[in-house]
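Below is one structure, written out as structure tokens; the observations come after it.
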Protein chains: 2
Amino acid sequence: MGSTFHKLRDDIENGILTGDFAPGARLDETQLAERFGVSRTPIREALMQLSAIGLIEFRPRRGALVADHGPKYVFEMFEVMAELEGMAGASAARRHTPEDKTQLLNAHLRCQEAAANEDTDAYYYENEAFHHVIYAASQNSFLSEQCAFLHRRLRPYRRLQLRVHNRMKASFDEHKQIIEKILAGDAPAARESLLAHVKIQGDRFSDLIASLEKIKAKATQGP
Amino acid sequence: MGSTFHKLRDDIENGILTGDFAPGARLDETQLAERFGVSRTPIREALMQLSAIGLIEFRPRRGALVADHGPKYVFEMFEVMAELEGMAGASAARRHTPEDKTQLLNAHLRCQEAAANEDTDAYYYENEAFHHVIYAASQNSFLSEQCAFLHRRLRPYRRLQLRVHNRMKASFDEHKQIIEKILAGDAPAARESLLAHVKIQGDRFSDLIASLEKIKAKATQGP
DNA sequence: TTATAAATTATTGTATACAACATGTTTGAC
DNA sequence: GTCAAACATGTTGTATACAATAATTTATAA
């Protein structure tokens, strides 16, 4: 097999994204090397890549820490994500091909199935696929890459939300609006739909944090 | 001294951005190691970081190549940059602080001086500073980082353009509009001004490429 | 002379070695 | 008992060594 450092990078990245390596945690190179059965060299190269995309931070002579940008930063990421998704939606409305149309409809159908079965895990997966189809339909490969990257980066924060309330049904209804606007070629409407669709996740994340802070405050204040 | 790999990364990145390492060129690790007077290890770590942000690509067992995404990809990057700058402008219009205001006015003044002296190099530098002030005024640090990154990534393509026609004067006039909208708190207008300001650069880049292609076509066809 | 195959060279990818520095601990003085 | 200093330990950052594979050259045959 060819170079293994892609796999290593993805494994560590996945560990971070799934919370296996918590924000602020130190990433000991020797430990990682043992854990993955390789020497420190490829581990370091993987860590360097992760530091370049902001997932970890190198403190000089003190090793790598999992980036711990507080909730404000995460909310900012949602804001940017919303804007980029809106742009992708507008671009897709203007430039989608017939193949894109069938892809969109298929992805939407699979979301519908998952929603009907109330299978949040399946919906989670199909929702991701749905959004990726929109990215591709924008016909802007750089935008598509940026969206995919941010989408991935925000995955752990989105994951928290699908189960609460009945976000899944609401999400699906929003998808329906989005797909209509895109296929109708209504770029401004598609942009607004997607903007709102993503922004609501940032808002919910903020709400979640706010309530957690409140609980924490009570706990430290109380008996 | 602390870790040197930041400097190495920046040096190689700079070499790519300034065209010292041309798109498509192979980056020989041993040569780079000799050139910078270090071993291959830190060179590799620097290359890994650059590959993570898409500036170079690793071909398995064939080393690193400077990324060569044709002109379409560059144009797409300008499109995304325009959108993000528009967002930053809108956000700055809504949320800029009094300090941001003085920073903006100062940066604008320095641009004015450079433009008055017809010093394209100085204007080039001050223009960059001006845009960074806008990013900061958006009060969204993630957006600010993304904008700064893309701005840097597109630098070599922008550099080509300031000298032609009298883009410098036009650019300065646009800056004046932008700053007015931001300080007036008119977010939609600020967004549109910045969007157009950046988009025009992408358009000019496309024009440049188109004319180059035409010349090339004539050259291969002709005697 | 050209095309193909074998051998040689060169370069990547990984492991190991080692030096510089930070952290943690023990010892000693006040 | 507390604080400070010296020592011991551990970890990072860099260099070197080596094996695997791609590129190149040379040799051979048609």
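Quick caveat: nothing in here was measured; it's all calculated off a predicted structure. Just so it is clear: chains get the letters A, B, ... in the order the sequence lines come, proteins before strands, and each one is counted from 1.
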Grab the two heavy atoms, one from A:Met87 and one from B:Glu79, that are nearest each other, plus how far apart they are.
->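 Minimum heavy-atom separation between A:Met87 and B:Glu79: CE-O, 3.5 Å.
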
Of all the choices, [options], which nucleotide is nearest to the side chain of [X] once you look at every atom?
| X | options | result |
| --- | --- | --- |
| A:Arg62 | D:dT12, C:dT12, C:dT23 | C:dT23 |
| A:Arg61 | D:dA22, C:dC21, C:dT14 | C:dC21 |
| A:Arg44 | C:dT14, D:dT11, D:dT14 | D:dT14 |

What is the distance from [atom1] of [X] to [atom2] of [N], rounded to the nearest Å?
| X | N | atom1 | atom2 | result |
| --- | --- | --- | --- | --- |
| B:Ile43 | C:dT11 | CD1 | P | 15 Å |
| B:Glu45 | C:dG13 | CD | C1' | 13 Å |
| B:Glu29 | C:dT12 | CD | C1' | 6 Å |
| B:Lys7 | D:dG13 | NZ | P | 16 Å |
| B:Phe58 | D:dT21 | CZ | P | 18 Å |
| B:His6 | D:dT12 | NE2 | P | 15 Å |
| A:Leu47 | D:dT11 | CG | P | 15 Å |
| B:Met48 | C:dT12 | CE | P | 11 Å |

For the pair A:Arg152 and A:Glu128, find out whether any cationic side-chain nitrogen is under 4.0 Å from an anionic carboxylate oxygen.
->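 No.
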
Are B:Arg191 and A:Glu83 within salt-bridge range, i.e. N to O under 4.0 Å?
->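 Counted as a salt bridge, because a side-chain N and a carboxylate O are separated by less than 4.0 Å.
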
Centroid separation B:His108 to B:Phe172 less than 6.0 Å =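 Aromatic pair counts; centres sit under 6.0 Å.
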
Protein and nucleotides 15-17 of chain C: nitrogen or oxygen contacts under 3.5 angstrom:
residue, atom, partner, partner atom, Å
C:dA15, OP2, A:Ser39, N, 2.5
C:dA15, OP2, A:Ser39, OG, 2.8
C:dA15, N7, A:Thr41, OG1, 3.0
C:dT16, O4, A:Thr41, OG1, 3.3

Check: A:His131/A:Glu85 side-chain N/O donor and acceptor closer than 3.5 Å |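 A pair is found: one side chain offers a donor N or O, the other an acceptor, under 3.5 Å apart.
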
So, B:Arg167 versus B:Ser171: side-chain donor-acceptor pair below 3.5 Å or not?
->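 Per modelled atom types, B:Arg167 and B:Ser171 side chains form no pair under 3.5 Å.
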
Over 12 non-hydrogen atoms of neighbours within 6.0 angstrom of CZ in A:Arg62 |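 No.
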
Using a cut-off of strictly less than 4.0 Å, decide whether A:Arg59 has a side-chain nitrogen or oxygen near OP1 or OP2 of C:dA22.
->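 No, no such contact exists.
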
Let me know which of A:His69, A:Lys72, A:Glu76 forms a side chain to side chain donor-acceptor pair (under 3.5 Å) with B:Ser141.
->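 Passing option: A:Glu76.
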
Would you find a donor on one side and an acceptor on the other, under 3.5 Å apart, between the side chain of B:Asp119 and the backbone of B:Asp121?
->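 Checked: pair present.
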
Mind listing the N/O atom pairs, protein and nucleotides 5-10 of chain C, below 3.5 Å?
none

